[in-house]
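From a predicted model like this one, the values you see are computed outputs, not experimental measurements.
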Amino acid sequence: MEKSKKHLVIAGGGFAGFWSAMSAARHALELGVRDHLTITLVNRDEYLGLRPRFYEADLTGTRLPLRNWLAPLGIELVIGEIASLIPASRRMEFVNGSHVVPDIIYDQLILATGSRQAYPDFAERGRVFDVDTFAKATTLDQHLRALATKGFPTPASRTFVVVGASFTGLEIVTALPSKLEGLAPSIPRFAFHLMERAPEIGQGYAPDARQYITKRLQHLSISVHTGQEPLCHENGQLILADNLRLLTDTVIVATGFTASPLAAAFGGPRDRLGRLAVDAFLRLPGHPEVLAAGDISLAKTDPDHYAVMSCQHAMPQGRVAGHNAVSLLFHKDPLPYAQPRYRTCLDLGPGDALVTAGWERPMKTIGPEAKAIKAEIINQWVTPPTDIADTLAMASPMATL
């Protein structure tokens, strides 16, 4: 990098990081300063993982090569696992692996390292699955296919437990029946269990939406256990608080997320999920050279609500963060982040979904129509356009889901 150039580093290549990079390139071109700016995106691998799709039966197309978008825009991709961030020297250090990545010095940093699956304290964690990353979703897929190859020979092999009736948990458990029937259509009936420690499933949804979710689970013959959580998973048994024992070879965890531990490098206020508090421009208080976007950022969408850990909020935050990073480097005014509209689109298995509108999450659209909306969101909003010009247009901070 030429010393005369400013250096913008984006830590994390998920939705927030990807759209930060696109927005930064867009704004630098808009200001005519692209030749005076080096943009570096750091990620653990070379892919943009479409995390909201990792619950799907078919993982084809759920991760995309970052270089398809970065290379045409002259954005450097550094593949490495970040070991630590040192704010005092604006330095990023990497984990030593098969190859050593040199430390990086930044002028402006966008922290977009996201979140990770929060795990309950199971005794046999190595035998518990999740869909937090493409690699983990692939491991689960291979496990299910291995059971199918053996013909699902035991009751435990035909029993599937999802722990956590979160958004992700509901999408996982309602996708499982059709996936398993596709793998082994002649196998005797499978047993599905959904566990939630809260007194009811669908926490955060309005009563009509919760009722619809419950009916859908009943239709799919999914047993629901509320008001308790497993004590442990050992010797092929999931043991619950009321001493109910479920014989199972497959436990899938969907108990929510916690922010990347790299947030701790900056101190300052954090919420119970570990997210860093930011100002209206997504800057970290006390660190004018750092912005945070996505799941690691505790950002207000409007005066009364904070963003949730979802691509719905990570993508617009990335667009604002990328724009603002370039503005700050070249002495322009940043833009505030705001996203007052909130909706969810919950996949509920083949031919069904639930769309809600508003923070109270009342039911708006259901069934095939909602399923079509889900497909539109995935294909037109979550998946970036292949055309670079279209992607740059979508990277405007004015664009929202």
Side-chain angles (χ1 to χ4, degrees), residues 14-16 18-19 23 50-56 62 114-115 131 164-175 198 200-217 254 256-257 273 275 282 293-295 297-321 336-385 394-401:
F15 289 112
F18 174 84
W19 286 106
S23 181
L50 304 183
R51 193 185 196 186
R53 294 186 56 195
F54 289 162
Y55 73 93
E56 293 180 4
T62 60
S115 60
V131 296
S166 63
F167 187 95
T168 301
L170 289 167
E171 293 200 320
I172 292 170
V173 77
T174 54
E200 59 184 358
I201 62 168
Q203 291 289 300
Y205 281 92
D208 59 347
R210 290 200 302 272
Q211 185 178 29
Y212 188 80
I213 294 168
T214 298
K215 287 182 178 179
R216 180 60 177 167
L217 294 173
F257 302 97
L273 301 177
R275 297 183 295 177
L282 303 182
D295 288 359
S297 172
L298 180 61
K300 278 202 162 187
T301 61
D302 59 50
D304 300 317
H305 302 98
Y306 286 97
V308 300
M309 289 181 168
S310 72
C311 64
Q312 176 177 184
H313 289 140
M315 293 168 65
Q317 285 181 33
R319 294 170 183 137
V320 171
Y337 162 70
Q339 195 176 350
R341 187 176 73 161
Y342 178 64
R343 67 173 178 171
T344 69
C345 190
L346 177 67
D347 197 341
L348 291 172
D352 205 352
L354 166 68
V355 174
T356 69
W359 285 95
E360 300 301 319
R361 297 190 191 181
M363 187 166 65
K364 181 180 180 183
T365 310
I366 56 175
E369 183 181 352
K371 192 77 168 184
I373 293 172
K374 181 75 170 185
E376 178 185 350
I377 291 171
I378 293 296
N379 295 326
Q380 297 186 24
W381 290 101
V382 172
T383 306
M394 194 172 170
S396 166
M398 299 297 108
T400 58
L401 286 176

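By the ring-ring contact (aromatic ring centres under 6.0 Å, His included) test, Phe18 is found to be paired with Trp69, residues two or more places apart in sequence or in another chain being considered. Shown here are the side chain to side chain donor-acceptor pair (under 3.5 Å) partners of Lys364, two or more places apart in sequence or in another chain: there are none. Applying the side-chain contact (heavy atoms from CB on, under 4.5 Å) criterion to Glu200, with sequence neighbours excluded, gives Gln203, Arg210. Taking the salt bridge (Lys or Arg N to Asp or Glu O under 4.0 Å) definition, one finds that Lys371 meets it with Asp347, sequence neighbours left out. Ile378 is linked by a side-chain contact (heavy atoms from CB on, under 4.5 Å) to Arg53, Val382, Thr383, counting only residues two or more places apart in sequence or in another chain. With sequence neighbours left out, Ser115 forms a side-chain contact (heavy atoms from CB on, under 4.5 Å) with Arg51, Phe257, Asp295, Met309.
By the 4.5 Å heavy-atom criterion applied to side chains, Met394 and Trp381 are counted as neighbours.
Here the closest non-hydrogen pair linking Ser166 and Ala254 is OG-O, 3.0 Å. When all heavy atoms of Lys374 and Tyr55 are compared, the closest pair comes out as CE-OH, 3.9 Å. For the pair Ala370 and Cys345, the tightest heavy-atom approach, listed with the atom from each and the gap, is O-SG, 3.8 Å. The two residues Gln312 and Gln339 make their nearest non-hydrogen contact at O-NE2, 2.8 Å. Counting all heavy atoms, side chain and backbone alike, Ala307 lies closest to Arg275 at O-NH1, 2.7 Å. Minimum heavy-atom separation, Tyr205 to Phe167: OH-CD1, 3.4 Å.
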Step by step, would you call Leu346 with Tyr212 a side chain to side chain contact (heavy atoms under 4.5 Å, CB included)?
-> CA-CA 11 Å; Leu346 177 67; Tyr212 188 80; over 6 Å; no
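Ser23 contributes no side-chain N or O that, together with a main-chain N or O of Trp19, makes up a donor-acceptor pair within less than 3.5 Å. Using a distance-only test at 3.5 Å, with no hydrogens or angles considered, no donor-acceptor pair links the side chain of Thr365 to the main chain of Glu369. When atom types are taken as modelled, the side chain of Gln317 and the backbone of Leu282 share no donor-acceptor pair closer than 3.5 angstrom.
Each of Asp208, Leu354, Val355, Thr356 was scored for a side-chain contact (heavy atoms from CB on, under 4.5 Å) with Ile366, with one residue passing: Leu354.
With no hydrogens or angles considered, a side-chain donor-acceptor pair links Arg361 and Tyr342 at under 3.5 Å.
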